[in-house]
Enquirer: 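Right, I'll just put the structure down here and ask away after.
In what follows, every chain begins at residue 1, and chains take the letters A, B, ... in the order their sequences are listed.
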Amino acid sequence: MKIRLRVPVEREVEPSEALSLAAGGGAQPFSGRLIDFCAALSEALLADAEARRYPELQALGFWLRRSQLLSLKESFSGLAEQGLIAVPRGLVFHVPPSNVDALFVYSWAFSFLAGNASVVRLSPRPSRPTDILCRLLGAQFRRDPFQALSRGALVVSYGHEDEPTAVFSAACDLRVLWGGDEAVARLRAFPLKPRARDLTFPDRWSFCLLDAGRVLALDDAALASLAGDFFNDAFWYDQRACASPRLVVWRGAPPERDRASARFFSRLRETITEKGARFETGAVLGKLAFAYESALAAPVVAQKNFGNELTLLRVRGLEGLPREHCGAGLLFEAGVESLEEAAGFVSEKDQTMTHFGLSAEELRAFAGSLNGRGLDRLVPVGRALAFDRYWDGCDLAREMMRLVRVEGGREEGR
Amino acid sequence: MDLDEILRLPPYSLSAADKRRILGAGLADLTRSHRRRCPQYARLLDIFYPGLEDFRLPQEAPYLPVGLFKARELKSIPDSQVYKILTSSGTSGSGLSRIVLDRETARRQAQALGAIVAQAVGPARLPMLVLDSADFLKDRKNFNARAAAILGFSTFGLDHLYAFDSSLSADLPAIEAWLRAHDGPILVFGMTFLVWRLLEQTAGRLDLSRAVLIHGGGWKRLQERAVTRLEFRKALADGWGARRVYDYYGMVEQVGGVFLECEHGWLHAPNFSDILVRDPLTWKPARAGETGVIEAMSLLPESYPGHCVLTEDLGALGGEDGCSCGRRGTYFSVSGRVPQAQLRGCSDVYAEGAAA
């Protein structure tokens, strides 16, 4: 069967042919041309008129800028002292989520910078941002200095056919799977080489913890800025990214929490209006059904509706809150007296806790007390979707490489 | 007026003003009674309609999203009184709705449907051609909406013939023989897409000019094939000579109170059920002619709290009492389903494949 090759050029290919195009790639990790390529892509993203219309593509462009890449490279400079040399794994097969459009580039970029060849499987579902990314990537590979690098980035798209997935799985050295639990399980069924491994990023859940007193103490401008940051966390990707907050936990005494909640959410509603956020009727109806269902399945005590874009479901306590969600602007809301009270609620499903009004010391103690029971990221409000090499508890940059132990002979030292 | 009195009236006899008063009072009664008998419904009212007071207008009645019936079995009767459970046919969406009926509710559904069909077909039972396969109806315990519709309508016909075999191929010789044996008016009933399927297999070879043809179940599959309502009607007239063709709009959540099309192409609400078109931004009732989300209301659901259901269908109100067909009450049109939201986020990679 033929699949669609999107990068480096648009055409139809057999999966085996795609594989042969990717074969034999391989550069030294973080070698100059790899960094040049990513930096050029960054410039293209930041300059392209169409790409500039998508904040997530601008965030990607910013993330790929040269200084960032050099500091990533620098972070591995201590390996030599430890008698280690980083080498690429070989061929990396990426299956990114179909609708966090820019994510495939992050997954791919770590792999590419580490010197690997890559095959990226995209969904055939139409997506403007994905088209832009493929166009810009393709254009870079056609430029003279980068032509030889195109083996490092083969982007294909196909539906749910088994054949290409089987071919790429059997050939790769590392398979990176993003998506729902079921999807990840289905994909893992395709055999890998004995030495190859999977890196999986299944469904996760995220919440936001706000200190009520600190929110009440904000002046109007600071409150607006907090609401703006929260808006970006929750409303980009229609609140359906793993890191999108779905629950707001207030820390403080009950009366204070109520006042902070009233103040914060009325401000958030204004922000929603200012930004002109709108959900489709289908999403609003889905949210309505989910809210009703949650009222029966979760310890919901009250509902507050701020129009089609924001619905709050206040829960009696954190216990028994199912980790399910409909997206489209629905927030559970709960209160705790202390961080310890919140700790009891955290489960392995929980990925990101965005926070406001907590000290670094408190946060470290909190993460330490959880001791891996859940939460892989504790980041300030506004940073929920800031993609980072440390994701779901692993170092993506490091995972794309193998470490070769190089130990000198005794005689050398004398 | 109690429900049984309303059911005995000719089905399109109430003026809009009378209807509003009777329906409003009936829905208020149902809301109180379900609140008392269905703890889950009571909980939902407490959360989503805190401080709900008695209301008089149908538009003030609390409504449930239709999707909730897919997630939850809501009932207002003890298990011992469960007579049957209807399920949706599930052509779209993931879960199936489950609707719990007791004998009384099932009986009233049949009575309501009978009154509506009699208006279109006349009081006499007619020989009935069912555009489906007999095999489809085998499992009688859990009806889906398609089976429920066939069985519901079948009681108004006699000497039934099923037009399709189990692979949905038309048995043309059998249909021809059956038509020869019945020379008066006949009733033809089936899902809209199966009417079309039979037409594709038999156009120009069957004469159904003496048929009253009732079909329903939605246009989704025909829309996919770009068949418009007008083309559908024309094709039926050209291919079979069938001109008395009535679409109906109904849902498993409100069986019985179906909305049947009139000679002028409008869907009509009978006395015991109604629709409201809600503006999808404000959720207030939309004006006539404005497209919005349809809320279906019915006085029939006594065994489950489905008397007011916000559907996922789009439609527009035509008006009240003024249709040239002479029926009183609300008339409206349905334009299709609310488009499924294109979900973003990271949980949906490959999700579309799981359903395929």
Side-chain angles (χ1 to χ4, degrees), chain A residues 95-101 103 121 123 125 127 159-161 177-184 186-187 201-204 236-244 278-293 295-297 300-303 305 307-308 313-314 325-328, chain B residues 38-51 62-74 92-95 97 278-283 291-295 305 309-314 337-356:
Chain A
V95 187
S98 45
N99 272 323
V100 178
D101 314 274
L103 193 121
R121 179 268 176 192
S123 148
R125 197 189 289 195
S127 149
H160 303 101
E161 294 81 13
L177 304 176
W178 304 78
D181 292 355
E182 259 174 61
V184 168
R186 264 160 47 102
L187 290 164
F201 299 94
D203 274 343
R204 301 300 296 277
W236 279 21
Y237 299 118
D238 300 343
Q239 205 191 6
R240 289 189 58 90
C242 292
S244 314
R278 279 272 283 276
F279 293 115
E280 291 166 41
T281 302
V284 174
L285 289 175
K287 177 167 67 171
L288 189 69
F290 178 83
Y292 273 69
E293 197 190 332
L296 298 177
V300 173
V301 289
Q303 183 242 196
N305 197 23
N308 272 353
L313 290 180
R314 185 170 287 197
H325 205 267
C326 57
Chain B
C38 177
Q40 293 174 310
Y41 182 68
R43 180 169 166 74
L44 292 173
L45 291 187
D46 289 345
I47 291 170
F48 293 94
Y49 294 88
Y63 53 83
L64 300 182
V66 70
L68 181 65
F69 292 92
K70 291 190 170 70
R72 290 276 161 168
E73 189 178 288
L74 300 172
S92 61
S94 41
S97 288
R278 289 194 180 269
D279 178 318
L281 295 180
T282 63
W283 301 101
T291 297
V293 180
I294 294 175
E295 179 190 340
V309 173
L310 187 68
T311 71
E312 293 173 359
D313 299 317
L314 292 171
R337 287 180 65 84
V338 173
Q340 287 259 326
Q342 242 258 43
L343 298 173
R344 312 237 297 172
C346 44
S347 323
D348 61 339
V349 64
Y350 262 63
E352 63 270 49

Enquirer: Minimum heavy-atom separation for P280(B) to T281(A), with atom names?
Expert: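 Smallest interatomic distance, heavy atoms only, reads CB-OG1, 3.5 Å.
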Enquirer: Heavy-atom distance under 4.5 Å to chain B: side chain of L313(A), backbone, both or neither?
Expert: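 For L313(A), side-chain heavy atoms alone lie under 4.5 Å from chain B.
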Enquirer: Just how far is it from atom CD of Q303(A) to atom OH of Y49(B), taken to the nearest 0.5 Å?
Expert: 9.0 Å
Enquirer: Which bit of L314(B) is near chain A, if near means a heavy-atom gap under 4.5 Å: side chain, backbone, both or neither?
Expert: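 For L314(B), no heavy atom lies under 4.5 Å from chain A.
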Enquirer: Could you look at A328(A) and say if it's the side chain, the backbone, both or neither that has a heavy atom under 4.5 Å from chain B?
Expert: neither
Enquirer: Out of L285(A), L103(A), L177(A), which one racks up the most heavy-atom pairs below 4.5 Å with chain B?
Expert: L285(A)
Enquirer: Write down the atom of Y292(A), the atom of L44(B), and the distance for their closest heavy-atom approach.
Expert: O-CD2, 3.4 Å
Enquirer: If you look at every heavy atom in V301(A) and I47(B), which pair is closest and at what distance?
Expert: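 Closest pair (atom of V301(A), atom of I47(B), distance): O-CG1, 4.0 Å.
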Enquirer: Checking R314(A) against chain B: side chain, backbone, both or neither under 4.5 Å from a heavy atom?
Expert: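 Looking at R314(A), nothing touches chain B.
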Enquirer: Examine whether an atom of P50(B) lies under 4.5 Å from a heavy atom of chain A, and if so say whether it belongs to the side chain, the backbone or both; otherwise answer neither.
Expert: neither
Enquirer: Does any heavy atom of chain A fall under 4.5 Å from the side chain of V293(B), the backbone, both, or neither of them?
Expert: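 It is the side chain, since no backbone atom gets that close.
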Enquirer: In terms of heavy-atom pairs under 4.5 Å with chain B, which of G327(A), A297(A), A289(A), A302(A) leads?
Expert: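 Heavy-atom pair counts peak at A289(A).
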Enquirer: Is the shortest side-chain heavy-atom distance between E280(A) and V338(B) below 4.5 Å?
Expert: no
Enquirer: Calculate, to the nearest 0.5 Å, the distance between atoms CG and CH2 belonging to N308(A) and W283(B) respectively.
Expert: 6.0 Å
Enquirer: Could you tell me whether the side chain of R43(B) and the main chain of A295(A) form a donor-acceptor pair under 3.5 Å?
Expert: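 Flag set: sc R43(B) to bb A295(A) pair under 3.5 Å.
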Enquirer: Which answer fits Y41(B), side chain, backbone, both or neither, if we ask what part of it has an atom under 4.5 Å from a heavy atom of chain A?
Expert: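 Contact with chain A involves no heavy atom of Y41(B) at all.
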